[in-house]
Amino acid sequence: MTQPRSDVRHAYISGTGFFVPEKVVTNDDLAAIMDTSDEWIQERTGIQTRRFAADGEGTTDLAIPAVEEALKSASLTVDDIDLIIFATCTPDHYLPGSGCLLQDRMGFREIGALDIRVQCSGFVYGLSIADQYIKTGVYRNILLIGAEAQSSGLDLSDEGRDVSVIFGDGAGAAIISATEEDRGILSTHLHSEGKYARELWVESPSTRNNPTISTADLEAGRHRLKMNGREVFRHAVARFPEAIVEALQANNLNMDDITLVIPHQANLRISQMVANRLGGPNDLIYSNIQKYGNTTAASIPIAMAEAISEGRIQSGDYVVLVAFGSGFTWASALIKW
Ligand code: COA
């Protein structure tokens with residue numbers, strides 16, 4: 001562990017990167033294997049394409065190129081990193097965590113490697129953890145990853161069509177670094193409401209059962225992601241704006257001060273409803289779900305890396321990251337860039 005530094009005050013994002021697998025899956029590709037259509041998917045979700053990992057390509061494989069890009073953009077090497085935080089709900093294996101696999105494969109020092117779950121809110125929760133370690137002077141550079149290989153768990157039959165058309169694979173990474181300058185993460189707010197756990201969940205494997213997964217579970221599809229779409233939608237359109245307003249109020253800011261809101265890319269219709277509720281210009285809310293679908297913990301860091309490369313975020317801008325997803329969980333981070 002590095003020595004505490006009393007002069008360290010802020011945590012800022014010093015580098016970003018992302019990677020999506022090569023295989024592009026169009027809505028028409030899905031319509032060829034299940035009862036759906038490009039029109040239905042675009043109208044309900046805004047999604048046009050998503051990426052699926054190749055056979056044998058797991059979560060860590062997707063994360064590595066994203067991390068390489070993030071390190072490069074921060075002008076750092078693996079030796080500069082003090083902690084790995086890996087947000088994923090689709091780890092390579094049940095255990096150990098993907099952070100450990102990444103530590104080995106990329107040759108990091110024997111630093112801490114912490115996997116966190118929290119599904120679609122995983123990246124913002126991870127940012128909050130990183131912020132605490134940096135503000136308190138414990139660490140100087142933290143690697144935060146959001147990565148998912150979800151396609152192998154999707155039910156691509158007619159029965160699973162309401163869920164499987166929404167999700168895709170990908171990885172995003174950010175380096176969170178210490179600075180004495182007046183910039184960086186101003187606040188994070190984390191929330192959960194576990195009574196809705198079953199509205200968006202994967203039931204098996206479960207430690208309540210022995211064995212944790214049975215043939216009956218597999219036959220009943222209990223290992224597949226299940227979603228009550230309407231209930232998720234109803235909560236998401238309330239929680240996203242609520243979380244944004246909470247972040248603004250905590251920092252005495254209002255919507256006019258914000259350059260960009262980067263929401264978890266759940267569904268374009270949700271983002272549009274959030275934009276309407278908040279007011280502000282049409283392009284205030286960043287969207288790239290059209291290309292990648294919903295990549296769960298990876299969606300915010302992918303969107304953030306793209307927004308930066310498109311010049312949508314400049315030094316001094318106020319940016320809100322906001323997430324909602326399975327749990328239910330939701331969270332925000334307000335950043336002065
Ligand atoms: N293709 C074609 N038809 C489909 C379909 C698909 N992929 N999935 C469902 N349908 C059908 C349903 O079977 C239903 O048919 P019916 O009227 O004959 O019974 C019809 O479309 C309407 O289904 P419904 O579930 O009422 O649609 P909806 O308007 O609520 O839209 C979602 C479904 C999933 C798009 C919507 O509920 C949603 O966006 N929810 C939030 C999802 C989300 O953001 N999840 C990620 C959270 S992190």
Side-chain angles (χ1 to χ4, degrees), residues 25-50 87-90 117-125 146-148 150-151 153-170 172 191-194 196-202 221 224-243 262-277 285 287-290 292-303 321-332:
V25 177
T26 66
N27 294 340
D28 286 336
D29 291 334
L30 294 178
I33 54 172
M34 67 175 82
D35 183 15
T36 191
S37 65
D38 177 49
E39 192 190 359
W40 193 97
I41 300 170
Q42 286 214 46
E43 191 187 302
R44 298 297 213 288
T45 71
I47 298 165
Q48 295 167 8
T49 58
R50 74 285 292 141
T88 183
C89 62
T90 51
R117 305 279 296 272
V118 217
Q119 306 67 248
C120 303
S121 306
F123 187 82
V124 182
Y125 267 64
E148 307 282 4
Q150 310 185 100
S151 55
L154 296 174
D155 176 359
L156 296 173
S157 72
D158 290 354
E159 215 171 299
R161 65 181 181 169
D162 59 324
V163 175
S164 56
V165 299
I166 293 176
F167 293 92
D169 300 336
H191 297 282
S192 67
E193 201 173 23
Y196 296 110
R198 286 166 188 75
E199 307 298 349
L200 184 53
W201 75 326
V202 179
R224 305 289 193 191
L225 180 63
K226 296 280 168 14
M227 176 177 77
N228 179 347
R230 290 195 169 188
E231 201 59 7
V232 172
F233 196 96
R234 191 170 72 81
H235 285 263
V237 296
R239 294 307 190 186
F240 273 116
E242 201 180 286
I262 302 179
H264 162 54
Q265 305 288 302
N267 178 320
L268 192 62
R269 270 199 316 163
I270 292 176
S271 292
Q272 285 165 344
M273 283 184 80
V274 173
N276 288 342
R277 283 195 187 183
I285 304 223
S287 289
N288 64 2
I289 192 171
Q290 299 89 334
Y292 305 125
N294 179 335
T295 57
T296 305
S299 90
I300 290 179
I302 292 175
L321 310 185
V322 61
F324 173 85
S326 162
F328 290 148
T329 58
W330 61 104
S332 73

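In listed order, ligands and their atoms are each counted from 1. The first residue in the sequence is number 1, and the count goes up from there.
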If you scan the protein for heavy atoms around [atom], do you find one that is closer than 4.0 Å?
atom: atom 5 (C) of ligand 1; answer: yes
atom: atom 39 (O) of ligand 1; answer: yes
atom: atom 48 (S) of ligand 1; answer: yes
atom: atom 10 (N) of ligand 1; answer: yes
atom: atom 18 (O) of ligand 1; answer: no

So Glu148 and Thr90, side-chain hydrogen bond (donor to acceptor under 3.5 Å, both in side chains) or not? Walk me through it. CA-CA 6 Å; Glu148 307 282 4; Thr90 51; 2.5 Å; yes

Classify the ring geometry between Trp330 and Phe324 as parallel (under 30°), tilted (30 to 60°) or perpendicular (over 60°). tilted

Mind checking whether Tyr196 and Phe328 have parallel, tilted or perpendicular rings, split at 30° and 60°?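 If you compare the ring of Tyr196 with that of Phe328, the planes turn out parallel.
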
Any side-chain heavy-atom pair from Asp38 and Thr26 closer than 4.5 angstrom?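 Contact flag for Asp38/Thr26 side chains = no.
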
Checking a contact table here: which protein heavy atom is nearest [atom], and how many Å away?
atom: atom 14 (C) of ligand 1; result: Arg161 NH2, 4.7 Å
atom: atom 22 (C) of ligand 1; result: Arg44 NH2, 3.6 Å
atom: atom 33 (C) of ligand 1; result: Trp40 CH2, 3.9 Å
atom: atom 37 (O) of ligand 1; result: Gly229 C, 3.2 Å
atom: atom 25 (O) of ligand 1; result: Arg230 NE, 4.5 Å
atom: atom 44 (O) of ligand 1; result: Ile270 CD1, 3.4 Å
atom: atom 34 (C) of ligand 1; result: Met227 CE, 3.8 Å
atom: atom 46 (C) of ligand 1; result: Asn294 ND2, 3.3 Å

If we set the cut-off at 4.0 Å for heavy atoms, which region of [X] has an atom near ligand 1: side chain, backbone, both, or neither?
X: Thr296; result: neither
X: Ile41; result: neither
X: Asp162; result: both

So if I apply the side chain to side chain contact (heavy atoms under 4.5 Å, CB included) rule between Val124 and each of Ile262, Ile300, Val322, which one comes out positive?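 It is Ile300, the one option of Ile262, Ile300, Val322 that forms the side chain to side chain contact (heavy atoms under 4.5 Å, CB included) with Val124.
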
Salt bridge (charged side-chain N to carboxylate O under 4.0 Å, His left out) partners for Asp29, two or more places apart: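 With neighbours one apart ignored, the set is empty.
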
Under a 4.0 angstrom heavy-atom cut-off, which atoms of ligand 1 come close to [X]?
X: Ala266; result: 44 (O)
X: Asn267; result: 38 (C), 39 (O), 44 (O)
X: Phe324; result: 48 (S)
X: Val165; result: 7 (N)

Tell me, with the steps shown, if Arg239 and Glu193 meet salt bridge (charged side-chain N to carboxylate O under 4.0 Å, His left out). CA-CA 11 Å; Arg239 294 307 190 186; Glu193 201 173 23; 3.1 Å; yes

Is the count of non-hydrogen atoms from other residues, nucleotides or ligands lying under 6.0 Å from Arg117 atom CZ greater than 12?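 Counting neighbours around CZ of Arg117, 12 or fewer heavy atoms of other residues, nucleotides or ligands fall under 6.0 Å, so no.
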
Consider ligand 1: state whether an atom of it lies below 4.0 angstrom from any non-hydrogen atom of Cys120. yes

Using non-hydrogen atoms of the residue, decide whether His264 is closer than 4.0 angstrom to ligand 1.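 Yes, His264 has heavy atoms under 4.0 Å from ligand 1.
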
Between ligand 1 and Thr36, is the shortest N or O to N or O distance under 3.5 Å?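 N/O-N/O distance under 3.5 Å: yes.
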
